[in-house]
Amino acid sequence: MEAQIKNPILLIIGMKIVMSYTSKTSSLRYAICKFSVSLRFFSYSQNQSAKKNSRFEAIGDAVALFSRLITIHPLPSVVEFNMILGSIVKMKHYPTAISLYKQMGLRGITPSIVSLSILINCYCHLGHMGFAFSVLGMVLKGGYQPNAVTLTTLMRGLCVNGEVRKAVDFHESVVAQGFVLDEVSYGTLINGLCKIGQVRDAYELMHKMEGQMVRPNVVIYNMMIDGLCKDGFVTEACGLYSEIVGQGMSPDIFTYTCLIHGFCSLGQWQEVTRLLSDMVDKNVKPNVYTYNILIDALCRKRMFRKAHDMCNLMIKRGQRPDVVTFNTLMSGYCLYNDVDEARKLFDTFVEWDIMPDVWSYNILIIGYCKSKRIVEAMNLFNKMHCTNLVPNIVTYSSVIDGLCKCGRISYAWELFNAIQADGPSPNVITYNIMLDALCKIQLIDDASELFNLLFERGLTPNVSTYNILINGYCKSKRIGEAMNLFKEMHHRNLVPDLVTYNSLIDGLCKSGRISHAWELFYVMHDSGMPVNLISYNILLDAFS
DNA sequence: TTAGGGTTAG
């Protein structure tokens with residue numbers, strides 16, 4: 001059955017393609033190129049106006065056009081098909097692109113390295129890295145030459161699927177085999193490494209790429225600057241800024257925004273001001289991200305008047321506040337326990353023509369829970385279900401925490417089980433919340449069972465998980481089990497913190513094992529842990 | 001002549 005083209009503009013373009021094909025191949029390419037641009041436009045307008053159906057129509061049109069092209073005699077070249085597949089990938093319809101790729105094969109169209117790279121990209125986006133690499137196998141067996149795009153796509157796939165290390169190893173092996181990578185390939189790896197906090201390795205890689213005759217561009221410098229700033233190495237990030245300038249390149253809005261973020265985190269306002277005036281000199285205009293960072297920094301310092309002034313300034317300079325701006329302000333108010341002020345802002349979203357997102361709801365739900373106003377938190381949680389917003393694991397964890405802290409543990413437990421069965425999978429934070437609740441009501445054996453379940457679900461406990469359980473065991477006077485967990489932390493390369501030591505020292509003291517408590521106190525001291533007042537009070541209490 | 005990388009908020 002012939003597919004219908006629903007959009008009139010695309011119908012015209014589609015007809016143009018069929019007509020022009022009979023005359024000239026170049027016209028066909030021109031028409032498809034226009035089609036591709038139109039698809040991108042529709043995809044864009046879908047984002048802008050949130051019209052649910054336009055994306056569906058655009059994808060429908062793309063498929064319809066593909067179906068028409070595949071029936072033309074003689075068949076258009078693979079380039080035309082690649083252009084349609086590329087547009088479908090841009091619309092994130094990966095399974096559709098894969099299915100159309102397969103149809104191409106059935107029609108006897110020989111894929112090019114571009115088609116195969118698109119296919120690899122689809123599998124990577126779907127998290128099917130095994131399939132992605134089997135396509136690479138096809139590439140090699142078929143005598144194609146994988147290029148920098150093919151290899152970068154795979155490296156990015158590994159990075160976004162949580163296997164950055166494998167991506168780095170893969171890069172090393174392809175370089176050793178003589179494949180040539182470019183600045184995008186290195187940028188992908190550097191970004192992957194920075195995102196998992198391996199900034200040092202990223203930095204080394206940036207210097208290594210120069211040995212491969214690939215020079216870092218501003219994008220790579222920006223990623224490094226961002227990574228360094230987020231790790232607190234703002235001085236080093238500034239060094240890279242100087243390198244950009246020294247090499248005759250121009251720092252852009254990303255460079256400045258990342259650096260401003262770094263200095264805001266350190267509270268170095270003078271540097272922030274200096275960067276802002278530097279931006280004026282270099283004619284780089286702050287954008288909504290830059291303003292949001294500044295507003296966030298002001299809110300964290302409780303400078304709400306100045307934060308609102310900054311909001312007005314951004315409007316005056318032609319930058320519209322967005323949902324992040326409002327979320328940032330709401331978050332600031334909640335940080336200082338003023339959930340009512342945050343709620344007032346939330347209620348003005350409509351006036352600003354801004355749609356609240358999951359973050360907006362989460363900020364308020366957490367705010368209400370913190371103030372023990374569980375009814376209002378639950379009302380918002382229920383209101384979310386009436387919108388198109390899908391609560392995420394942060395929403396559920398916050399609500400579960402709120403319910404636990406208000407003593408409604410059975411309801412919290414019900415929700416926890418519900419999301420285990422069907423919902424956003426609980427993460428280690430959700431488990432910690434439930435574990436804490438169980439320990440607080442002395443159900444330490446149930447907590448221990450839940451702790452085992454955490455491993456079964458493939459999650460990794462963190463220091464807080466151990467602290468919660470150790471504290472639970474200590475409060476139940478089961479010091480032996482608490483000490484076993486303490487040892488287990490070491491095996492898992494988890495470094496005990498002040499909370500771990502204080503819980504154990506308290507537990508040991510309250511069980512009359514004061515000499516053991518002292519021993520542990522010295523272990524803590526020797527490990528370089530800054531001892532706080534709580535530690536001394538625990539020991540003083542024990543002595544008195 | 002189609003395919004791959006970068007900034008914000010819990």
Side-chain angles (χ1 to χ4, degrees), chain A residues 25-26 29-30 32-33 36 76-90 97 111-122 124-125 146-157 159-160 167 181-192 194-195 216-227 229-230 252-262 264 286-297 299-300 322-332 334-335 342 357-367 369-370 392-395 397-398 429:
Chain A
T25 316
S26 59
R29 282 186 186 151
Y30 169 71
I32 294 184
C33 189
S36 192
S77 88
V78 69
V79 173
E80 277 71 35
F81 287 103
N82 289 344
M83 286 173 81
I84 298 179
L85 289 189
S87 298
I88 292 170
V89 167
K90 290 230 157 54
S112 67
I113 186 65
V114 174
S115 340
L116 289 157
S117 300
I118 293 172
L119 186 63
I120 289 175
N121 197 16
C122 290
C124 289
H125 276 285
N147 57 27
V149 178
T150 324
L151 300 170
T152 307
T153 307
L154 280 161
M155 292 193 300
R156 186 185 177 273
C159 288
V160 299
L181 298 177
D182 62 13
E183 72 276 12
V184 178
S185 325
Y186 286 97
T188 305
L189 286 176
I190 288 170
N191 182 42
C194 287
K195 288 275 151 66
N217 56 17
V218 177
V219 174
I220 291 178
Y221 274 112
N222 289 346
M223 291 188 289
M224 272 315 313
I225 288 173
D226 183 49
C229 284
K230 285 192 176 137
D252 61 12
I253 181 63
F254 293 99
T255 324
Y256 283 108
T257 304
C258 294
L259 282 171
I260 287 172
H261 189 210
C264 280
N287 63 15
V288 63
Y289 289 92
T290 328
Y291 285 111
N292 286 348
I293 288 166
L294 294 168
I295 290 166
D296 180 51
C299 286
R300 282 175 197 270
D322 63 2
V323 64
V324 178
T325 320
F326 278 79
N327 288 351
T328 306
L329 284 162
M330 291 203 314
S331 211
C334 288
L335 182 69
D357 62 6
V358 178
W359 289 78
S360 324
Y361 279 91
N362 288 353
I363 291 164
L364 272 185
I365 289 173
I366 294 167
C369 287
K370 224 168 98 183
N392 61 17
I393 190 57
V394 180
T395 326
S397 299
S398 314
I429 299 172

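For the numbers below, each heavy atom of this structure counts, side chains included, while hydrogens, waters and symmetry mates do not.
- Distance L116(A) CG to dG4(B) P: 14 Å, rounded to the nearest Å.
- The salt bridge (Lys or Arg N to Asp or Glu O under 4.0 Å) check on K370(A) picks up nothing, with sequence neighbours excluded.
- Side chains of S360(A) and D357(A) form a contact here, defined as non-hydrogen atoms less than 4.5 Å apart.
- The CG atom of D226(A) sits 14 Å away from the C1' atom of dA9(B) (whole-angstrom rounding).
- For the pair N82(A) CG and dT2(B) P, the computed distance is 10 Å after rounding to whole Å.
- By the stacking rule of 5.5 Å between ring centres and under 30° between planes, W359(A) stacks on the base of dA9(B).
- Between the side chain of T150(A) and the base of dG4(B), no donor-acceptor pair under 3.5 Å is found.
- Taking atom CG of N147(A) as the reference point, atom C1' of dG5(B) lies 15 Å away to the nearest angstrom.
- Contact annotation for T152(A): base contact, defined as any heavy-atom pair under 4.0 Å involving a base atom.
- Separating the SG atom in C159(A) from the CD1 atom in I190(A) is a distance of 11.0 Å, to the nearest 0.5 Å.
- Proximity note for V184(A) (side chain, C-beta onward) versus dG4(B), dT7(B), dA9(B): the nearest is dG4(B).
- Computed from coordinates, the L151(A) CG to dG5(B) P distance equals 14 Å when rounded to whole Å.
- At a threshold of 4.0 angstrom between heavy atoms, the contacts of S360(A) with the nucleic acid are absent.
- One interatomic measurement links the two molecules: CG of L154(A) to C1' of dG4(B), which rounds to 10 Å at whole-angstrom precision.
- Under the ring-ring contact (aromatic ring centres under 6.0 Å, His included) criterion, Y221(A) pairs with no residue at all, not counting sequence neighbours.
- Ranking dA9(B), dT7(B), dA3(B) by closeness to the Y289(A) side chain, first place goes to dT7(B).
- An OP1 or OP2 oxygen of dT2(B) is reached within less than 4.0 angstrom by no side-chain nitrogen or oxygen of K90(A).
- Under 4.0 angstrom from either OP1 or OP2 of dG5(B) there lies at least one side-chain N or O belonging to R156(A).
- D322(A) comes within 4.0 angstrom of nothing in the nucleic acid, heavy atoms only.
- Judged by distance alone, with hydrogens and angles left aside, D252(A) brings a side-chain donor or acceptor within reach of the base of dG6(B), the pair sitting under 3.5 Å.
- For D182(A) against dG4(B), a side-chain N or O and a base N or O form a donor-acceptor pair under 3.5 Å.
- Contact annotation for N191(A): backbone-only contact, meaning every heavy-atom pair under 4.0 Å involves sugar-phosphate atoms and none involves a base.
- Between the side chain of S117(A) and the base of dA3(B), at least one donor-acceptor pair of N or O atoms lies under 3.5 Å.
- Residue K195(A) is classed as a sugar-phosphate contact, given heavy-atom separations below 4.0 Å to backbone atoms only.
- When distances run from any side-chain atom of N287(A) to the nucleotides dT7(B), dA3(B), dG5(B), the shortest one goes to dT7(B).
- The base of dG5(B) lies outside donor-acceptor range of the side chain of N222(A), with no N or O pair under 3.5 Å.
- With rounding to whole Å, F326(A) atom CZ is found 15 Å from dT8(B) atom C1'.
- In plain terms, the two heavy atoms of C334(A) and A342(A) that are nearest each other are SG-CB, 3.8 Å.
- Taking atom CG on N121(A) and atom P on dA3(B), their separation rounds to 10 Å, with Å as the unit.
- No option in I120(A), D182(A), L181(A) other than L181(A) meets the side-chain contact (heavy atoms from CB on, under 4.5 Å) test with L151(A).
- Taking every side-chain heavy atom of T188(A) into account, dG5(B) is the closest of dG4(B), dA9(B), dG5(B).
- Phosphate contact (OP1/OP2 of dA9(B), side-chain N/O of H261(A), threshold under 4.0 Å): present.
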